[in-house]
Amino acid sequence: MAILPTRAIEPPVRADQERIADMLRQIAEIGADPTAGISRVGFSKDERDAHELVGGWLRNLGLAISVDPIGNTMAVRRGAAENKPAIAFGSHLDSVVHGGKFDGIVGVVAMVEVMTLLAEGRAATEHPLKGMIFACEEGARFGEPCIGSKAIAGMLTEADLTRIRDAEGITLEQAMSGIGLNPLQLADVRWNRDDLAAFLEVHIEQGRILEGESRPIGLVDVVSGSTRLRMTVAGRAGHTGGTPMQHRADALAAAAEITLAVEALANGPTYRGTRATVGVLDVYPNRITTIPGRVDMRLDVRDFDSDRLRRAAREIADRARIIADRRGVAIDAEVIADTSPVVLSMWLRQALSQVCGELGIDWRFMPSGAGHDAQIMASIAPAAIIFVPSKDGASHVPEEWTSVADIAKGADVLYQAILRIDDVLAAS
Ligand code: GLV
Ligand code: MN
Ligand code: MN
């Protein structure tokens, strides 16, 4: 498809940095954790409050707001033509526990800013525009990421609602119902492919590449997949003084050896580029004078190559069994979430690179090591991710930071890209 420079970029429309800073500040007040950072996890009251706050801003712009049965918030701006598929853009407002103020938020704020600029300029598009706030992207509580976008894309089943549980055993269905959502209406959440023309997401890079190159924009070509495992190591609890070393089945010592084996596997030549992390070790009974009898482990494997991703996860489980057998402890391993890597739309990337060039903004193509809603939306429509720099690459921590000036550049690119995509699709 030809990418025509149909609509001129002049007169210059630019994102308002003060408005962006104010939105970030207001959102950061919801779920601020007194201990550190932001803890606004998916399917919590705080996440719903943040959706309501931003939904209110979008309503004030005259957009039609709706919330689907599992909590995705949508803001629709009508297109000039009848029955055209939507161009959608947005991100998420949930965070990890002790997370930052920018992951996901930046994409939502950029979406609101673009909707505001369009309203101010009374710019018309042929296609309807859909501002998206996805529910529960992080998987912080349930292990499963991108729940809202997976439901939209038809990648979440009714069985998942009862299969997926948090650390306390609460199912996804119970958590959703508990905050007034209607998970049993899952079928109504799903979008028809014909209703969506393209999806775009502005997001922080969560790495150091853009900052290192003093480049404000990254256009993502490939997004990493993620396979998550739960492993339970069962040994024998006992007295730390009374039990001789040779009579122990210490679950934590086994889990520690498994953790180092996970690291060694990802550092080895076969899996160079794979990232594997043991992020959770829950030790029972977690007492100084009792030998650990059980450890619940959760780990996350990431790769750009889907075969290697799943091979690495299988090999980790195999190595863990060998270590457990040698140490006389039992092990149970299961995959709790599995998201494929995705190559994003080439034509959207080209359109975005043209827009950056015309705006005089320095950019590069780059991969995304983290997962995103756009990676899920890519299963139903062409999708694109616009990265803005992360200070020191910090993310999923309170220190996460991106300058308002860089976020504004991301919003500028998004604004122009939406108009460009609208023109290209209308002309084709
Ligand atoms: C999302 O932030 C992820 O964990 O990839
Ligand atoms: Mn995110
Ligand atoms: Mn995240």
Side-chain angles (χ1 to χ4, degrees), residues 24 27-28 31 33 37-44 46-47 50-51 54 72 89-111 132-150 199-207 218 220 222-229 274-280 298-304 306 309 313 336-342 344 366-378 383-391 393-402 407 410 414:
L24 289 169
I27 295 168
D33 193 314
I38 306 287
S39 296
R40 191 170 51 235
V41 296
F43 299 129
S44 65
D46 284 336
E47 185 194 29
H51 276 234
V54 178
N72 294 304
F89 48 107
S91 192
H92 61 97
L93 289 174
D94 63 314
S95 77
V96 299
V97 176
H98 302 310
K101 299 177 184 168
F102 296 85
D103 177 354
I105 322 310
V106 158
V108 172
V109 164
M111 175 270 287
M132 296 300 304
I133 313 172
F134 295 103
C136 196
E137 187 270 354
E138 291 289 1
R141 176 171 166 196
F142 290 96
E144 178 82 39
C146 301
I147 289 177
S149 50
K150 281 181 176 165
F199 176 76
L200 291 91
E201 180 169 9
V202 176
H203 204 282
I204 57 169
E205 179 199 332
Q206 306 175 286
V220 176
V222 53
V223 187
S224 206
S226 164
T227 300
R228 299 180 185 177
L229 301 173
T274 305
R275 286 137 286 134
T277 313
V278 176
V280 176
R298 287 184 182 218
L299 55 118
D300 184 15
V301 187
R302 309 258 186 155
D303 207 309
F304 296 106
S306 57
L309 173 70
I336 55 168
D338 188 51
T339 305
S340 295
V342 165
L344 295 176
M366 62 187 300
S368 169
H372 300 289
D373 289 309
Q375 150 185 34
I376 306 302
M377 298 305 282
I385 300 175
I386 301 161
F387 268 170
V388 290
S390 290
K391 184 170 187 311
S395 187
H396 286 185
V397 291
E399 294 74 28
E400 195 170 83
W401 191 81
T402 297
I407 298 170
L414 180 66

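Order of listing sets the numbers, starting from 1, for every ligand and every atom in it.
For His372, every N, O or S atom stays at 2.8 Å or more from the Mn ion (ligand 2).
Counting only N and O atoms by type, the side chains of Glu400 and Ser395 include a donor and acceptor under 3.5 Å apart. Glu138 and His396 are linked by a side-chain donor-acceptor pair at a separation below 3.5 angstrom, with hydrogens and angles left out of the test. For the residue pair His51 / Asn72, no side-chain donor-acceptor distance below 3.5 Å is found, with atom types taken as modelled. Side chains of Glu201 and Ser91: a donor on one and an acceptor on the other come within 3.5 Å.
Counting only protein atoms, the N, O or S atoms lying less than 2.8 Å from the Mn ion (ligand 3) are Asp103 OD2, Glu138 OE1, Glu138 OE2, His396 NE2, ordered by chain and residue number.
Proximity to Glu138 (heavy-atom distance under 4.0 Å) selects the following atoms of ligand 1: 1 (C), 2 (O). Close approach to Ala370 involves these atoms of ligand 1, each under 4.0 Å from a residue heavy atom: 5 (O).
Taking the ring centroids of Phe387 and Phe102, they lie at or beyond the 6.0 Å cut-off.
Contacts of Asp103 with ligand 1, taken as heavy-atom pairs under 4.0 Å, involve the side chain alone.
Each of Asp300, Thr339, Asp338 was evaluated against Ser226; a single residue qualifies, Asp300, per the side-chain hydrogen bond (donor to acceptor under 3.5 Å, both in side chains) test.
A distance-only check finds a donor-acceptor pair linking the side chain of Arg40 to the backbone of Leu93 [under 3.5 Å].
His396 counts as a contact of ligand 1, since one of its heavy atoms falls under 4.0 Å from the ligand.
Distance from atom 4 (O) of ligand 1 to its nearest protein heavy atom, with residue and atom name: Arg302 NH2, 2.8 Å.
A cation-pi arrangement, defined by a distance under 6.0 Å to the six-membered ring centre and an angle within 45 degrees of its axis, is present between Arg275 and Phe304.
Checked for salt-bridge contact, Glu144 and Lys150 meet the test: a charged N lies under 4.0 Å from a carboxylate O.
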